[in-house]
Amino acid sequence: MLALENITLHLGERTLLDGVSTFINPGERIGLVGPNGAGKSTLLKIIMGIMEPDGGSIALAGEETLGYLPQDGVDPDFTLTVLEEVETAFSELFELEMKVKGIQERLSQADHQSDEYKKLMQQYGELQTKLESSGLYELRSEVEKVLMGLGFTEEDFHRKTSEFSGGWLMRIALAKLLLRRPTYLLLDEPTNHLDIESLQWMENFLNNYEGAVVVVSHDRAFLDTITNRTLALRRGNISDYAGNYTFYEKKWAEERELLLNAKKNQEKEIKQTQEFIDRFRYKASKASQVQSRIKQLEKMEEIEIEEELDDVSFQFPEPERSGQVVMKLEDLHKSYDDNVVFDGIDYEIERGDKIAVVGPNGAGKSTLIRVLAGMEPFQSGKRIEGHNVTVNYFAQHQAEELNPTRDALETLQDAGSNQKESRLRTILGCFLFRGDDVFKKVKVLSGGEKSRLALAKMLLSPANLLIFDEPTNHLDMSSKNILQQAIQQYEGTCLIVSHDRDFLDPIVNKVLDVQPGYIKTYLGNVSYYLDKKREEAEAKDAETSPQKEEQENNQLSRKEQRRIEAEQRNERNRRTKPIRHKIEAVEKEIEKMESRKMEIEEAMAQPDFYDDEEKVKKFSLEYDQLKAVLTDRYSKWEEYQQRLEMIEEELSSEQ
């Protein structure tokens, strides 16, 4: 069990954590929630020993282990490939393998009658057993499965980590962490850098994870899917709820209503008591009663209720009406050097469309919306703006374009909306700038704060086409709700790149699925899109009957059939060639080692074999090594065969 006892932390005069105590059992699924600045990330860092609390203790039982994914700041070795970097997560296993080899070397030189030899043989047996049970020989297969689940391709495995963006580096760090399988897995905003497909894979992985999971996230759907217990941090204290985020939210609303009623009653009591004191303060006959009331007030602990943003609303400036067709792309071609992103796509956006843009990372979602926003050049084709269209575009990088010498309030004033200061401060409050935070200079803001400020500034400018690239990454639940309601009420047209299903579902009426090589529109929200994708996958699997193939073939000319068959053979060869080479290589290794193993067995079967002690020692060591390595190669062969079968099945379903 992981136990937190009376954890206290002060930041200047502010008490961030005020005697936090709780426990986490192995196997639990916990959401750690609370408003931004409540101390969620800080608490995870204290558990990991990255930060020292002012008081309290952390207790971890026995052989239990901790694993932690920060929000950002991962630092891989840029000289390594993706596969090599991920395998550093198992350095202790490779060290164990080196120890085994070291003992083998010493055994080959030791006198087998000596005490040293006997001790080495005992160590060798123990370490070899530990190595075989560690799963090292099956490790590569597991590494590749996790990397592919997180969106990497086999070609990516051998690219240097220096070739990848910050979001992909976070995925590499996440892969290392998931593969370590610690007893307690602490994840701080793990979904920020995932697309919808990778997010679904991760939900399935965590639901089947044997250890405990503690996750900080502002993705309600993700929390509801994987957690069954919620720890809520508020005003330095922690509360425990026996359910997922939706359960917690309902219970907290009930508790807050009771607190509001209790506060009203307390305020009424304070008022009545103060009136009694003021009325009889100078009356001698009531002196003792007055003093009693004064002491009563002094001892009374005032009920404090944290300000909620639920009642705060925000509306976009009223935009001018655009034409019916807002934007058209015709035969658009876009590539980066040899990487073709779009090869002649057509797309049309109509007035009032609210579109979620989804698809795997790297397929071209951000490129597409930059083209639509007029921010990205393309090689050929047309981008046609409709009548009276005005575009506003938000992406994370725009945060770096803010004037560093201006404060948050001045930044909104510079937007030229002519809003009153009180209204601008309310809007800043919606995006987590409260109190004196509005006077913080842009140059001292964190990356998340700059992103929220850039979003707030964008929303002040009237436009009838809004384009957002991951607008919710740095927002808490309340801020997301405010933005969600504002977009729902917005009468213009918008496109949103996001993986947050709970945020998107009430807003969008179309989903644009951007896949490598094509785009496709679904008329519905994201949940509808995911259901249709599942149905399409199931239907594709079912479309392999001989009758269907025969009907399709009869409709094609023989020449066309030959062309298609040639393309299919080329595609099959391209897709299967790398794995077939791996199978051939491992089969050659197995054949060579089995041949050597038989030679040793034949030698050991000779009557005079055991007369030569040095020979016995040498052959015995080599024989044990061959068996261990052969076990690994058999495992690899089975793994490669399974992967080949999967590729063959995919190709069959595509044809």
- Determine, step by step, whether Leu233 and Val20 satisfy the side-chain contact (heavy atoms from CB on, under 4.5 Å) criterion, reporting the C-alpha distance in whole Å, the side-chain angles of both residues, the deciding distance to 0.1 Å, and the verdict. CA-CA 9 Å; Leu233 266 177; Val20 168; 4.2 Å; yes
Hey, mind stepping through Ser479 and Asp476 against side chain to side chain donor-acceptor pair (under 3.5 Å) and telling me if it holds? CA-CA 5 Å; Ser479 299; Asp476 67 3; 2.9 Å; yes
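- Ring planes of Tyr529 and Tyr522: perpendicular class, angle over 60° (limits at 30 and 60°).
- Other residues, nucleotides and ligands place no more than 12 heavy atoms under 6.0 Å from the CD atom of Glu491.
- By the 4.0 Å N-to-carboxylate-O rule, Asp500 lies close enough to Lys480 to be salt-bridged with it.
- The existence of a salt bridge linking Arg534 and Asp531 is confirmed by a sub-4.0 Å separation between a basic side-chain nitrogen and an acidic carboxylate oxygen.
- Because its NZ or CZ atom is both nearer than 6.0 Å to the ring centre of Phe23 and within 45° of the ring axis, Arg229 counts as a cation-pi partner of that residue.
- His10 and Thr15 get closest at one heavy-atom pair: ND1-OG1, 3.1 Å.
- Checking side-chain atoms of Asn388 against main-chain N and O of Arg321 turns up a donor-acceptor pair under 3.5 Å.
- Checked for salt-bridge contact, Asp195 and Arg171 meet the test: a charged N lies under 4.0 Å from a carboxylate O.
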Please walk me through it: do Tyr336 and Thr367 pass side chain to side chain donor-acceptor pair (under 3.5 Å)?
CA-CA 10 Å; Tyr336 298 100; Thr367 298; 3.2 Å; yes
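- The two residues Ala408 and Phe433 come nearest to each other via the heavy atoms CB-CD2, 4.3 Å.
- Between Phe468 and Phe503, the gap from one ring centroid to the other reaches at least 6.0 Å.
- Between Asp502 and Ala221 the shortest heavy-atom distance is CB-N, 4.0 Å.
- When all heavy atoms of Asp224 and Asn244 are compared, the closest pair comes out as OD1-CG, 3.3 Å.
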